[in-house]
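Notes follow the structure.
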Amino acid sequence: MGLLSILRKMRQKEKEMRLLVLGLDNAGKTTIIKRLNGEDIDTISPTLGFNIKTLEHNGYKLHVFDVGGQKSIRTYWRNYFEQTDGVIWVVDSADRMRLKDTKDELKSLLLEERLAGASLLVFANKQDLPGALTDKQIREGLELDSIVTHHWAIQACSAVTGENLLRGMDWIIGDIASRIYLLE
Amino acid sequence: MQSKEFFESLHILLKSDTLSKEDEVEQEKNLGKAIALINPYQEQPYLLDPHLEAMVKPTIELLRSYIKSVDAQSLVLSKNIPSDNIVSSEDLIKVPTKIQRLFKLVYYIMKIRGFKTILKFFTHEVSDLEPTFYFLVALNPKDFNAWETRYVLLIWLSLICIIPFDLKTVDSRASRVGGNKFPLVDHIIDLSKFYLKATGKERDAAAVLLSRLLTRRDIAEAYLIDYIQWARDEARKVKDVFTITGIFTSLCAIYKLGQRQTLLPTLDTAWPCLFLLEENEMFANNTLVRKMSVKLAQRFGLCYLKPKVASWRYQRGNRSLRDSLETSVKTTTGIDPLNIHQSLKESEEEEEEIPEQIEEIIEILLNGLRNKDTIVRWSAAKGLGRLSQRLPKELADDVIESLFELFSENTFTHNGVFEMSAVSDHTWHGACLAVAELARRGLLLPERLSEVIPWVCKALKFDLKRGAHSIGSHVRDAACYVCWSFARAYAPEVLAPHVPELANNLVVVSVFDREVNVRRASSAAFQENVGRLEIFPHGIEIITAADYFAVGNKVNAFLNISTKIAEFTEYRYHLIDHLSTITITNWDKSMRELASKALHKLTRLDLNYMIDKVLPLLLPQTLSSDMHTRHGALFAVGEICFAWSDIQGNDKSWIEKYNSLVTQISSIIGSLPENVFTDFGSEVTCQAATHFIACLAKAGWPINDGILKGWKLVVYDLLSRKDEYGQEIAVSAVEALINQYGITGQEIEQYPYTLLFFFFKKKKLVFLYVHNSFNTYMGHIHPSKNAYARRGFSLALGLIIFVNDIKEYLEPVIDALIISATVQEIKVWNDAETRRNSILSLTKIVKNLGNDFKTVCNERIFEKIINAYFMGLEDYSTDSRGDVGSWTREASMMGLLEFGPLIIRLDSTDSTSSKRWWTNELSIKVFRNLLKQSVERIDRVRSCAGKILLNLLYMKKEWEEDGWMFEIPGRDVLLKVLPKNEVIYWMSPSELYPRMVKLLVIPEYRFDLLTGLVVAAGGMTESLVRYSSATLIEYINALPTDSSNVSSSELKISLIELAKSLLDIAKHFEKQDRIMIPLLEVVDLLFEAGTLQKITNEDEFKFLELFECVKKGVTRCKDIRKLTACMKVFCGMTSLSDTVRNKALYQLLGLLIHPFPKIRRNTADQLYLALTGSVEEPTEESLEVEEILTNTDWNDPIPRLKEARNNLYPLLGIKPPVSKPSNLNN
């Protein structure tokens, strides 16, 4: 195995990213993924378990793990943490009641060693609903500014209308791509 | 890919349920086809990615519904399998072949793309877990036809088992057991443990499943420590390599996947696993186990240490270089910048307790770097990289310190020279890999660079002599990896001080390394540096010149790319120095020669540097005691001097200016000790010295006669050696010497003298058979042994330029060449190469004389030469190598191509002599011969003849409008059969022969062409004979019997005419079996096809004459092939008129008691066939004849056969021979 075979392998792997989509139940995680993948979003039932999707974006191959957000499932999230390049945290902006819940879950998530160094994108979803919190409010609610261990960004969006989803994806892919890749 | 085809096969495989036997076979074929379609993707499997979903999903869906339909669970549980042994010993279910085929297909897709990618398309629902698992349980683990099924199931389970639910709720039996144990999990673990010991692929899959299952948090709590304990104890106990591999694989996977906090408490239990190899020699000798052990050490180490994030990963640019280059200008409307946070808090070095075990682990890894197996070193290097990333700075620096120790191990300084001949290439390779891994992660602190770079530069040129070759290309490759990772890890300003050293070394390796992969690796490393740092001088220009493809070809890299790069002074001198100090001592001769050629080219760039620095360095090396160095230095000095004089052109002042250097160079050959030309392995030095002389001669080196004489001795010596490559060098040296310093008549007399045994008496050639006075140079070598000298000197004679007083030697030289081109009667004197070389030399002389030919030579010489060519075309001599005469024939044809047009041209311009030398007869003869060669047996000869034939056919007189060069009969037919605008595949018999037989209509060429065709038809090569004989027979068969009803306006040929030609050939080549045997075989085929029988008028074609020819062939013949052929022709003749028939029968009856039993048997068989074929109604006699022929055992001794044979005479209606029975009876 010489340098050339290392390079060949790297050239392939460099173009692949592993993303984890998490958030409370009913935040709209699966809807976002389906919307991004151009699938029908009319009949989406709660994710019991997890989905794996492979998307192409900007020449990168994204392996997306979408895990259900029910309380009973959350303890099993860590089954999926290995080698994660980025985490997409989806928030239901209209669900003011559980804003604290989602903050706490996110906080404990970011303590996880295996996610160290992963980029974090927060989607403030469901902006199409009346009474949805703004991205600024969510940012404060989640205390994002206290996060110094990860690169993060927040983007208001709506999975139903598709609004701003791509902006968020562009950012997280760009951020992951802008760091040098170590072949692990 | 041919996705359509694949999906067709897949569709068929998925469809159709109940199958008949034939369908089964068909389906197997389909599977094979599908696998064959994806197999080519093994090298670049990601190309399959767009199709994967469509390939895997439907298959998995079908398998899944099948599995669910089986309900293996109740089947297994009803068997009441004891909980401690859930492995079934028999097939509880009969899996349909269709399902097995689909599992097989999935396995192959996994094999090609990797299971992790394929797994994404598998189903993973709660309801999948139990059916899938129990289905696996129900399979017989010993069924070796279904291991793919078991492998896929285990891998599948590894996905299903990570469902985010409490497995207790999934387990349908859990409620009945209680506690925190889960019966299902127990079962899965037990089964996995069983498969962990498998010898096949299931082992790997079981390890994956175990690691996934056991690192679930809920399972880990209850099971992990138990498993680790089991694994440790088992590992200590077992003695078989498969089990230990399985256990290690599972442990490595577990410690990779698991959460650190969960794993930490188990480490103490697992710790002894690291030291198993020390106790067990069998494991220690197994590469895979050793690698696993090193990997496990790394995983343990990573568990002890907390991960850290390196913020520099962001500072040092992009994942992919191309991306950053392309997108840097792109402005995107992205997220509101206010909503982005893109800085990392540098995690301050907290005082962390480093467990003492880390030290031991690092030691294991450092030792792994010097392991004899590459994969172990690799694993160790990666481990060190990952581990150091989590270590505090000081400790990481200690690791680096230890790496330097590895480099300096076994090196020493001897007389001020750094000596590394005793180092281990393994250690250096491992150390390089580790440095690269550390550098890539930014762990090699900039302060350390100045220490590490000298080692890296040494590693870039690492080359240890071992016997007749050297080792170390893997070290050089790894050093390229180091340089490549520098580019990724460091900011330009950090590397800046080291750029000249790095750039120069990388460039040199890119163009001058012996191995293509190292040149490419170096080029890749250089490219990465240029791209990321932008401070390598002339980076872009060099990347363009020395890219991946360009450096692939060694000659191109040495001669073209290197000169391009050397245009830049920053690189020039390092390139020159590397060639003149390192490459010229390389063990590979072709490397040294290339180096000298490259130096020649580089001399143009800076002559003074070569004169002042390089030559003084090289000159002492020409006298080195090391053969390789001597050779390399002689080559290099020669080439530099040649370039030197070339650059100076007509200005000869340099000779004065550098007088002492010039003299020193002239005297090198004289200073070489004599034994270097005579010892074992002296060819190398001889070649080098001769090449050196050739270069100096081309350079017009000023020398005195003494030196010239010495040089010639060296050159002539090599010219007489066996070594063919050396002879080529010597020939070019002779040419250079003659061109530069001329040649004397006396020397010429010496040339042919060694050529054969002749010598000159008063400038007249005298041929000697034996002569005692062979006491001059080379004379003592007996002609039977000096074939090599003759080969060399016959070539040398062609190089003489006949000017001034040398002119009078022209005719004797030509005579000498012709004699040496002649096939000698004394066999030992014959040498095919000499004959070929002599013909080549004749052509060379003709070419050199060119337009002066007619003024220098008279018609007699012309005739001698042209006849020599025709003689060469008849050279069919063979030896152990086969038809070696073909070389001479080829050389002769090429000679004719030169000679014919030259003479015709001179004839036309020569107004003084009225007579033309070239006649139309000659033209016909040339074409006749070329046609004959163009249907020859050997592909190469046909192709050579064909090309020359076309060339001459379409050659025009340039001094006449529309005049053909050769005036030949039958041109119309030739032009039609061999059209100019069509490609004719001379090599391919199937295409060529049907074309060529059409030319038989031209009477002038018929004899020769037919001879060629006949010989080809009787050849040995199956494909050739098939087409040549079939074509010929078919053609002849279709001919009209006689020409009376053929209109005379067109060229036509009748069967009778063709038969006459065959008879002519038979008469002409009566004594030459080479032609006679194929001819007889063709005649036999013609009888068999009934073609010859069509000739009824025996006045027009005399079969009797043919009979006589064949009869002569039988006489005293001992060649079974020929005898058989003759016998068959006789059989054919039994269907002719009585006179011939009876004569043939006499012969056949004679052959029935031939001394060779095989001939007797065959004759009986053939005669039987011939007689039964020709007799319409069986008579009593004919039945009796048949009876005798079939019922006699012709293997019996001859006396016993005679009676039976004699009975045949009256039965066949012929009188028995009276006076003396034919001599065959004896």
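Side chains included, hydrogens not; waters and symmetry mates left out as well; all remaining heavy atoms used. Convention: sequence-line order gives letters A, B, ...; per-chain numbering from 1.
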Can you tell if the side chain of [X] reaches within under 4.5 Å of the side chain of [Y], non-hydrogen atoms only?
X: Ile147(A); Y: His341(B); result: no
X: Phe122(B); Y: Ile52(A); result: no
X: Trp171(A); Y: Asn339(B); result: no
X: Ile340(B); Y: Ile154(A); result: no
X: Pro164(B); Y: Trp77(A); result: no

Largest heavy-atom contact set with chain B, pairs under 4.5 Å, which of [options]:
options: Arg139(A), Glu113(A), Glu112(A); result: Glu113(A)
options: Arg8(A), His63(A), Glu56(A); result: His63(A)
options: Gln155(A), Gln12(A), Lys136(A), Arg11(A); result: Gln12(A)
options: Val67(A), Ile176(A), Leu144(A); result: Ile176(A)

Please look at [X] and chain B and tell me whether the side chain, the backbone, both or neither of the residue comes under 4.5 angstrom of a heavy atom of that chain.
X: Phe81(A); result: neither
X: Leu7(A); result: side chain
X: Ser178(A); result: both
X: Leu48(A); result: both

For the [atom1] atom of [X] and the [atom2] atom of [Y], what is their distance to the nearest 0.5 Å?
X: Asn51(A); Y: Lys120(B); atom1: CG; atom2: NZ; value: 14.0 Å
X: Thr117(B); Y: Lys61(A); atom1: OG1; atom2: NZ; value: 8.0 Å
X: Gln259(B); Y: Arg78(A); atom1: CD; atom2: CZ; value: 5.0 Å

_Donor-acceptor check, side chain of Arg114(A) to backbone of Arg260(B), threshold 3.5 angstrom: yes or no?_
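No, the answer is negative, given that no donor and acceptor are paired below the 3.5 Å cut-off.
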*Any donor-acceptor pair under 3.5 Å from Asp477(B) side chain to Leu3(A) backbone*: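 Yes; at least one donor-acceptor contact below 3.5 Å.
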*asked:* For Trp484(B) versus Met10(A), what's the shortest heavy-atom pair and its separation?
replied: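 Minimum heavy-atom separation between Trp484(B) and Met10(A): CH2-CE, 3.4 Å.
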*asked:* Using every non-hydrogen atom in the two residues, find where Tyr76(A) and Asp218(B) come nearest and quote the distance to one decimal.
replied: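 Residues Tyr76(A) and Asp218(B), closest heavy atoms: CE2-OD2, 3.6 Å.
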Structural part of [X] lying under 4.5 Å from a heavy atom of chain A:
X: Ala521(B); value: both
X: Tyr548(B); value: side chain
X: Ile219(B); value: neither
X: Gln261(B); value: side chain

*Should we say atom NZ of Lys107(A) is surrounded by more than 12 heavy atoms from elsewhere, each under 6.0 Å from it?*
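Enclosed.
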_Residue Glu43(B) excluded, over 12 heavy atoms near CD under 6.0 Å_ =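 No - once you tally the heavy atoms of other residues, nucleotides and ligands closer than 6.0 Å, there are 12 at most.
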Could you tell me which of [options] has the largest number of non-hydrogen atom pairs under 4.5 Å with chain A?
options: Arg212(B), Glu125(B), His124(B), Arg520(B); value: His124(B)
options: Ile163(B), Ile162(B), Asp49(B); value: Ile162(B)
options: Val518(B), Leu52(B), Asp166(B), Asn517(B); value: Asp166(B)

*side-chain contact (heavy atoms from CB on, under 4.5 Å) partners of Asp547(B), counting only residues at least two apart*: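 In terms of side-chain contact (heavy atoms from CB on, under 4.5 Å), with neighbours along the sequence ignored, Asp547(B) is linked to Phe549(B), Ala550(B).
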*In sequence, state the C-alpha distance, the side-chain angles, and the governing distance for Lys53(A) and Glu53(B), and then conclude on salt bridge (charged side-chain N to carboxylate O under 4.0 Å, His left out).*
CA-CA 10 Å; Lys53(A) 274 270 174 339; Glu53(B) 186 163 356; over 6 Å; no
*Under the salt bridge (charged side-chain N to carboxylate O under 4.0 Å, His left out) criterion, do Glu14(A) and Arg488(B) qualify, and how do the steps go?*
CA-CA 14 Å; Glu14(A) 268 184 348; Arg488(B) 295 209 144 199; 2.8 Å; yes
*For Ile335(B) and Leu121(A), what are the C-alpha separation, side-chain angles and deciding distance, and is it a side chain to side chain contact (heavy atoms under 4.5 Å, CB included)?*
CA-CA 11 Å; Ile335(B) 295 185; Leu121(A) 169 69; 4.0 Å; yes
*Side-chain donor-acceptor pair under 3.5 Å between Asp175(A) and Gln342(B), yes or no?*
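Short answer, yes.
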_If the condition is salt bridge (Lys or Arg N to Asp or Glu O under 4.0 Å), which residues does Asp66(A) pass it with, not counting sequence neighbours?_
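Not a single residue meets the salt bridge (Lys or Arg N to Asp or Glu O under 4.0 Å) criterion with Asp66(A).
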